[in-house]
Amino acid sequence: MSSALIADLQARGLVFQIAGEDHLSAWLDGGSRTLYCGFDPTADSLHIGSLVPLLMLRRFQLAGHRPIALVGGATGLIGDPSFKAQERQLNTPDVVAGWVDKLRAQVSRFIDFDAGDNSALVVNNLDWTKDLDVLSFLRDVGKHFSVNAMIQKESVKQRIEREGAGISFTEFTYMILQSYDFAELYHRHGCGLQLGGSDQWGNITGGIDLTRRMHGGQVFGLTMPLITKADGSKFGKTEAGTIWLDPARTSPYSFYQFWLSVADDDVYRFLRYFTFLSVEEIAAIEASDQAREGRPEAQRVLAEEVTRLVHGDDGLAGAQRITESLFSGDPTSLAESDLDQLRLDGLPSSALEEGSLPETLTQLLADCGLASSGKQVKDALQRQAVVVNGAPCGMDDNGAPLTVFAAEKALFGRFHLVRLGKKKYHLFERA
RNA sequence: GGAGGGGUUCCCGAGUGGCCAAAGGGAUCAGACUGUAAAUCUGACGCGCGAGCUUCGGUGGUUCGAAUCCACCCCCCUCCA
């Protein structure tokens, strides 16, 4: 049953490397196994870069295994140097502790804690490192590591070899800490497999070696490929920055929009990575898209599936309401209740006070966050790309916000819906 | 502690006294074409509607004028001890 899992993961392109490949399938087939993946707190929320591993834990759980999500309360204090070009700024312990709490909650939504024998677990590696004293650490753990081997790891090579880089002892030691996690989880929970991104290979194999040396245990590692985009730009970033999993940082609407605008060249691959649709179903979607003229269905399916996974049915419904209101038909023909709903669903909005309007549209629209600077608004104005309640504005209107936002032009006497470009909207409600 | 090499606008990276708000590339934004895609073309890309204002690790200095020269300081890298 579980070698079927590995076969499925391979078909999805989710397997990059396996440590112990010859025996992993047999081990998985031998019963319900325990596995883990770590998430370090580097911010108060995970972003979509962590989505593949999170879903991976779930895939294993659905196949009958027991997933452990490890939150790096300890490793987060050190900073993983793997493939990082530069030493990172340390965060203070109380800040990291706050982030740990947030991540714990976030991670928990993807795995099932009420699944009987294979119920999930969330652990924090600070629990077994905070009382570890230096001498014990150096004698019991450090003694198993060869610096010669550590500096050979590809993940730190550029830091060691590259002119202008460098690595502190603190970050260099990260690998040992993470390795110790694996050994500890093996010891405590019989955990025998660690998942991670392809950048984690060095840390994972370190943990495999340490587990063998400390406990004589044979454990496995599996890495997933780095998510790439066909055009070479970085996955997971947009103009607005990172796509976060926290709805307070990236609204379900923006999240949905992100997936909706995935390039054709990436979308079927992303369906395999980010959804639980079977590879056959995905192939069927691809085939029918190819047979169709015009716009493919895949992006819509992808956006629906992933938004539902991360934000639930309600988040998805809200995102779809906004999308349909704004992109199909005339937004100015919306009912008053629809406009209220848009705001509740998370369409960017703010109050508009006629008495305290800035002197220019450039300033008003930059202030509300629709554009990051007045220059962008100016550029849009010059191209008639700013539309207020359906009426395009030009540079001539820039100095007259009172006219553009006149009370008699408001929808239902309350709303001004501003569009900048094709995709960015902001709703003003008169105060 | 010694010797040498560096720190430029989001990133990479040119720039060694005025022609520098600073080449080029990437990323990003907007327009055209489309399918809220890709590719392509056009424009923007420190801030400001504008006059203009503020930048090139920091602080002082030389000069009519400094990212560029000098002094000191901070940080990073390499080698030596």
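Computed from a predicted model, the values in this text were never measured in an experiment. Note on naming: letters A, B, ... go to the chains in the order of the sequence lines (proteins, then strands), and numbering restarts at 1 for each one.
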**Q** Over how many whole Å does the gap from A:M395 atom CE to B:A44 atom P extend?
**A** 14 Å
**Q** Counting only Watson-Crick or G-U wobble pairs whose two distances fall under 3.5 Å, which nucleotide matches B:C49?
**A** none
**Q** Pairing check on B:U62: which nucleotide meets the Watson-Crick or G-U wobble criteria with it, both distances under 3.5 Å?
**A** none
**Q** What interatomic distance, in whole Å, is found between C1' of B:G17 and the corresponding atom of B:C70?
**A** 13 Å
**Q** Can you check the distance between B:A38 and B:U34, where both ends of the measurement are the C1' atom (answer in whole Å)?
**A** 10 Å
**Q** Using a 3.5 Å distance criterion without hydrogens, assess whether the side chain of A:S288 forms a donor-acceptor pair with backbone atoms of A:I285.
**A** yes
**Q** So what does A:E359 hit on the nucleic acid, given a heavy-atom distance under 4.0 Å: a base, only sugar-phosphate, or nothing?
**A** nothing
**Q** Could you tell me the separation between the CD atom of A:Q376 and the P atom of B:G43, rounded to a whole number of Å?
**A** 18 Å
**Q** How far does the P atom of B:C47 sit from the matching atom of B:A30, given to the nearest Å?
**A**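 After rounding to an integer number of Å, I get 16 Å for this pair.
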**Q** Applying the Watson-Crick and G-U wobble criteria at under 3.5 Å, what pairs with B:A37? Answer none if nothing qualifies.
**A** none
**Q** Please tell me which of A:T323 and A:K234 maps to the more 5' nucleotide of RNA chain B, matching each residue to the nucleotide holding its nearest heavy atom.
**A**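 The residue whose closest nucleotide sits nearer the 5' end is A:K234.
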**Q** Just by modelled atom types, is the A:T250 backbone N or O under 3.5 Å from a matching donor or acceptor in the A:S254 side chain?
**A**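 A pair under 3.5 Å: no.
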**Q** Can you tell me how far P of B:G48 sits from CG of A:L361, to the nearest Å?
**A**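 That distance rounds to 14 Å.
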**Q** Which whole number of Å gives the distance between the P atom of B:C45 and that of B:A22?
**A** 10 Å
**Q** What's the gap between B:U8 and B:G46 when it is taken at their C1' atoms, as a whole Å value?
**A**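 Their C1' atoms lie roughly 13 Å apart.
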**Q** Mind checking whether A:F274 and A:F235 have parallel, tilted or perpendicular rings, split at 30° and 60°?
**A** parallel
**Q** Quick one: does any side-chain atom of A:D40 pair with a main-chain N or O of A:D80 as donor and acceptor, under 3.5 Å?
**A**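 Not a single qualifying donor-acceptor pair exists.
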**Q** Using a distance-only criterion (donor-acceptor N/O pair, under 3.5 Å, no hydrogens), is the base of B:U36 paired with the side chain of A:Q299?
**A** no
**Q** In this structure, how many angstroms lie between the C1' atom of B:C75 and the CG atom of A:L90, rounded?
**A**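 Going from CG in A:L90 over to C1' in B:C75 covers 15 Å.
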**Q** When rounded to the nearest Å, what value does the distance between C1' atoms of B:G57 and B:U68 take?
**A**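 Per the computed distance, 15 Å lies between those C1' atoms.
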**Q** What nucleotide among B:G43, B:U36, B:C49 has an atom nearest to a side-chain atom of A:K423?
**A** B:U36
**Q** When the P atoms of B:U40 and B:G25 are compared, how many Å lie between them, rounded to an integer?
**A** 14 Å
**Q** From the options B:U42, B:A39, B:C49, select the nucleotide whose nearest atom is closest to the side chain of A:D231.
**A** B:A39
**Q** Side chain to side chain donor-acceptor pair (under 3.5 Å) with A:E21: which residues, sequence neighbours excluded?
**A**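 Expected list: none.
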**Q** Taking a pair as Watson-Crick or G-U wobble with both distances under 3.5 Å, which nucleotide is matched to B:A44?
**A** B:U28
**Q** For the CG atom on A:D140, are there more than 12 heavy atoms of other groups (residues, nucleotides or ligands in this structure) within a distance under 6.0 Å?
**A**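 Yes, enclosed.
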**Q** Using whole Å, report how far CZ of A:R295 lies from P of B:U34.
**A**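 It works out to 15 Å between those atoms.
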**Q** Can you check the A:L381 CG to B:C49 P distance for me, whole Å?
**A**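 Those two atoms, CG and P, are 10 Å apart.
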**Q** Under 4.0 Å, heavy atoms only, any strand: does A:G399 hit a base, just the sugar-phosphate, or nothing?
**A** nothing
**Q** Please report the distance, rounded to the nearest Å, between NZ in A:K229 and C1' in B:U28.
**A**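 Rounded to the whole Å, the gap is 11 Å.
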**Q** Among B:A37, B:A39, B:U36, which is the nearest nucleotide to the side chain of A:A263?
**A**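 The closest nucleotide is B:A37.
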**Q** I want to confirm an ordering. Mapping A:S261 and A:G421 to their closest nucleotides on RNA chain B, which one lands closer to the 5' end?
**A**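 Nearest nucleotide further toward 5': that of A:G421.
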**Q** Could you let me know what B:G4 is paired to, Watson-Crick or G-U wobble, both distances under 3.5 Å, or none if it's on its own?
**A**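 The answer is B:C77, by the H-bond criterion.
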**Q** Are the side chains of A:L347 and A:Y253 in contact, using a 4.5 Å heavy-atom criterion?
**A** yes
**Q** Can you tell me if CZ on A:R139 sees more than 12 non-hydrogen neighbours from other groups inside 6.0 Å?
**A** no
**Q** Collect all protein-nucleotide pairs involving nucleotides 50-54 of chain B in which both atoms are nitrogen or oxygen and the distance is under 3.5 Å.
**A**
residue : atom : partner : partner atom : Å
B:G50   : OP1  : A:K378  : NZ           : 2.6

**Q** Using a distance-only criterion (donor-acceptor N/O pair, under 3.5 Å, no hydrogens), is the base of B:G31 paired with the side chain of A:D379?
**A**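 No, the side chain and the base share no sub-3.5 Å donor-acceptor pair.
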**Q** Measure CD/A:E171 against C1'/B:C76 and give the value in whole Å, please.
**A** 14 Å
**Q** Rounded to whole angstrom, note down the C1' distance from B:G5 over to B:U9.
**A**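 Going atom to atom, C1' in each nucleotide, I get 24 Å.
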**Q** Here's a test for you: under side-chain contact (heavy atoms from CB on, under 4.5 Å), which of A:N398, A:L381, A:V404, A:D397 qualifies with A:V386?
**A**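 So, applying the side-chain contact (heavy atoms from CB on, under 4.5 Å) to A:V386 and each of A:N398, A:L381, A:V404, A:D397, only A:L381 qualifies.
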**Q** Counting only side-chain heavy atoms from C-beta out, which of B:U42, B:A38, B:A32 sits nearest to A:K422?
**A** B:A32
**Q** Between the side chain of A:S136 and the main-chain N/O of A:L132, is any donor-acceptor distance below 3.5 Å?
**A**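 Checked: no pair found.
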**Q** Could you work out which one of B:C49, B:G31, B:U36 sits closest to the side chain of A:R383?
**A** B:G31
